[in-house]
There are 2 protein chains.
Amino acid sequence: MSVLSDRIAGCLDSASLVRKMFEEGARLRAEFGADDVCDFSLGNPHLEPPSEFKDQLRELATDPAPGAHRYMHTSGYPHAREAVACSVSQREGVEVPSSHVVMATGAACGLNIVLHALLNPGEEVIILAPIFPEYRFYIFHSGGECRIVPSKPDFDIDLEALAEAISEKTRAIIINSPHNPTGRVYPEESIDGLTKLLKEKSDELGRPIVLIADEPYRRLVYDGVEVAPVLPRYESTILVASFSKDLGLAGERIGYVAAHPSFPTELIEGISFCLRTLGFVNAPGLMQRVIAEVMDASVDLPAYKHNRDLFYEGLTEIGYEVVKPEGAFYLFPKTPLEDDRVFCKRLMNERVLAVPGSGFAAPGHMRISYAVKPEVIEKALPRFKTAFENP
Amino acid sequence: MSVLSDRIAGCLDSASLVRKMFEEGARLRAEFGADDVCDFSLGNPHLEPPSEFKDQLRELATDPAPGAHRYMHTSGYPHAREAVACSVSQREGVEVPSSHVVMATGAACGLNIVLHALLNPGEEVIILAPIFPEYRFYIFHSGGECRIVPSKPDFDIDLEALAEAISEKTRAIIINSPHNPTGRVYPEESIDGLTKLLKEKSDELGRPIVLIADEPYRRLVYDGVEVAPVLPRYESTILVASFSKDLGLAGERIGYVAAHPSFPTELIEGISFCLRTLGFVNAPGLMQRVIAEVMDASVDLPAYKHNRDLFYEGLTEIGYEVVKPEGAFYLFPKTPLEDDRVFCKRLMNERVLAVPGSGFAAPGHMRISYAVKPEVIEKALPRFKTAFENP
């Protein structure tokens, strides 16, 4: 008998494939040396935080003012919430008051507390395939059910499939643009179509379907692409974001939730309640104070674009079929073999790690993270070629 | 219709009494000035982190080594887990390997991830009254049921009541020593009796009842009192702790879970899985690195003892009936009126804030936090006297 609850033991079983891959990666590194293994399996931003962050951290670390490490209001320091509210309002073109901002312990925290606040047992949350697999667990913990809806072949939203999937059980939909694992940025027309559809369906249902826009990659876009703001298009929108990627702070767990001003403050109270009682209590204090001052700084974005171009062009030239990503730091090519797991194993023989698309509910693909040094990409391309030619 | 889930809307309703008190406190401060209001309602440690912490934070903040703010292993930095394992092993007299330590985002996080990992829906967790009220929500989120068992009049564990409460549904019991809200430290004999009882009951049930020792106040003890270690007495023990109180880092959210070495690693995997998928992802990285180096430092503990003595003696002299607290920073006197809410309102008229015992499942009492400057206690004592004499 497992010491764990049946549910969690079951989750561990289902997660064992990915774990096995990581173990295999560790084995490869041990056998061939870390430098010889090209690891594209992790979404761990490798770019360093900008100098503005480092300066601010140094300043606050040497600030002798008392009280800096105590509890603050659950929703966060007023000046940090205010700074987020300003930034979001400007970006979205909708005035979001600081009362509608909750500082969160990263975006994963933000999603969990929002889902916990919203979901009655059994209510459905729609997510779009290829999915970010962690969503399933966030929805599971919140007592909801996960409904996966396929996207178009170019990873744009399939509005027809979505319209069919919405039912009386639908409580919310999560979108993620720029998108993990595909790097897709939804075009403005798609966001228009999506919000129009949600309005119609909400009217039919007599209650709003909540649109949760998970935007940790919001500022990681290339070639002048813009992420269409959702708030001005749909009132029942909740934004969730983090500073993990644009400031390179993944390990520090700092982000926020910002709700459309039309929501009653009861929503914010419920989200804050979940922040507190799920054990986050409040977002880490020091990081709140740092990011409040450096929110507009960013990691060296051109480095990501350079990697994308290098990798996309290299793979395309070899013959891989890849939708050109417009943001984030992922490529999601088709695998030359239909069975993505077999092909990823084939790549492993070349000491290249990529994640099978099956893990993202998109078999026949693989996820490649280019949050790595360009040398790793250069070293890997000939290996991708070998595997492509002899799959 | 509420925008929130029925469950969370219900929780907010039940929490509204405490919120009302906070609002009343804010009103008093606005009317009479913050300096004239004696606020003993919050467990927000007011002592500053020790100089060792500040030095270490400064050093790491100026360290130019790359990679310091990235994701690390879910369970935490190896050297931080190792430092915790050493400290726990030494304190408990049981060798806990670092494999059995998970760095947590504070103790509230630690409790949530442990409960989520353990509980099947409907299984019971026993907590002892006076309770730490947040436990109810942690258990609720984990899908379990909360079973409250009364303590003895001196707040020691009532083993008979406990024996009666244990049933086939019992999955775990949470103890908290030093205790919030009473400041009680369970004597060694009580821990002996408790662990003996749990062994017998586990044998009867044919599966272990897990003992969760929530120890955020472990090092806040006075007059040479020692907290009896639980690990050597009972194998199915999981320790949960934080650095919020002994290092004064409540706002930074850093703590840990340490499980008895007899647990299979599956338990740790399950707890780490919950850490990841409830959205904590990993404990804040910078704080992990800081506390790994300064774990043995501490806030100015004699200041808490001074406050306790001042407050305990003052209240006793007035005539209040108080069990002398041996640790933490709370007093839990009987209220001169049977109705603790009415008496706390009476105190409010004297511009003194204390929390009614009803909120801790212990009516007829009130919780007083002495994590304040001694001047506040000195100012408050005559007011406590007035309220006592004219309740």
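Heavy-atom basis, side chains included; hydrogens, waters and symmetry copies ignored. To find a chain, count down the sequence lines: A is the first, B the second, and so on, and within it residues start at 1.
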Practice item. Check whether B/F263 gets within reach of chain A through its side chain, its backbone, both or neither, counting any heavy atom under 4.5 Å. Key: side chain
Point to revise | A/H116 and B/H141 aromatic ring geometry - parallel, tilted or perpendicular at 30°/60° bounds | key: perpendicular
**Study point:** Under 4.5 Å from a heavy atom of chain A, the part of B/E134 involved
**Key:** side chain
Point to revise | Proximal component of B/A104, with respect to chain A [non-hydrogen, under 4.5 Å] | key: neither
Exercise for review: Identify which of A/G143, A/P121, A/S244 forms the greatest number of heavy-atom pairs closer than 4.5 Å to chain B.
Suggested key: A/P121
Check your understanding: So which of A/T62, A/V210, A/T105, A/I113 has the largest heavy-atom pair count under 4.5 angstrom toward chain B?
Key -> A/T62
Review point. Out of A/I271, A/L115, A/L267, A/N112, which one racks up the most heavy-atom pairs below 4.5 Å with chain B?
Key: A/N112
Exercise for review: With a 4.5 Å cut-off on heavy-atom pairs, point out which of A/C109, A/A117, A/A61, A/A108 contacts chain B the most.
Suggested key: A/A117
Point to revise | Part of B/P264 lying under 4.5 Å from any heavy atom of chain A | key: side chain
**Study point:** Contacting moiety of B/P49, where chain A heavy atoms sit under 4.5 Å
**Key:** side chain
Practice item. Return yes if some donor-acceptor pair links the side-chain N/O of A/R70 with the main-chain N/O of B/H46 below 3.5 Å, else return no. Key: yes
Review point. So B/F329 and B/Y304, would you call those rings parallel, tilted or perpendicular, with 30° and 60° as cut-offs?
Key: tilted
Review point. What residue, out of B/G43, B/A68, B/A9, B/G279, has the most heavy-atom pairs lying under 4.5 Å from chain A?
Key: B/G279
Point to revise | Interface moiety of A/S236 toward chain B, non-hydrogen atoms closer than 4.5 Å | key: neither
Check your understanding: Which residue out of A/L249, A/L60, A/D6, A/L47 racks up the most heavy-atom pairs below 4.5 Å with chain B?
Key -> A/D6
Exercise for review: Indicate yes or no for a side-chain donor-acceptor contact from B/Q288 to the backbone of B/Y77 under 3.5 Å, with no hydrogens or angles considered.
Suggested key: yes
Check your understanding: Picking from A/R58, A/R136, A/M287, which has the most non-hydrogen pairs under 4.5 angstrom with chain B?
Key -> A/R58
Review point. Where the side chain of A/H260 meets the backbone of A/T237, is there a donor-acceptor pair that is under 3.5 Å apart?
Key: no
Practice item. Would you confirm whether B/S369, through its side chain, and B/S41, through its main-chain N or O, come within 3.5 Å as a donor-acceptor pair? Key: no
**Study point:** Expected output: side-chain B/N44 to main-chain A/Y71 donor-acceptor under 3.5 Å
**Key:** yes
Review point. Can you say whether B/A65 sits under 4.5 Å from chain A via the side chain, the backbone, both, or neither, judging by heavy atoms?
Key: backbone
Exercise for review: Fit a plane to each ring of A/F243 and A/Y256, take the angle between them on a 0 to 90° scale, and name the class: parallel (under 30°), tilted (30 to 60°) or perpendicular (over 60°).
Suggested key: tilted
Review point. Any side-chain donor-acceptor pair under 3.5 Å between A/H69 and B/E252?
Key: yes
Exercise for review: Check whether B/R7 gets within reach of chain A through its side chain, its backbone, both or neither, counting any heavy atom under 4.5 Å.
Suggested key: both
Check your understanding: Hey, what's the ring geometry for B/F273 with A/F137, parallel, tilted or perpendicular (30° and 60° as the breaks)?
Key -> perpendicular
Point to revise | Proximal component of B/L119, with respect to chain A [non-hydrogen, under 4.5 Å] | key: backbone
**Study point:** Which portion of A/A107 sits near chain B, non-hydrogen atoms under 4.5 angstrom
**Key:** neither
Review point. Could you go step by step and tell me if B/S272 and B/T74 meet the side-chain hydrogen bond (donor to acceptor under 3.5 Å, both in side chains) rule?
Key: CA-CA 6 Å; B/S272 293; B/T74 302; over 6 Å; no
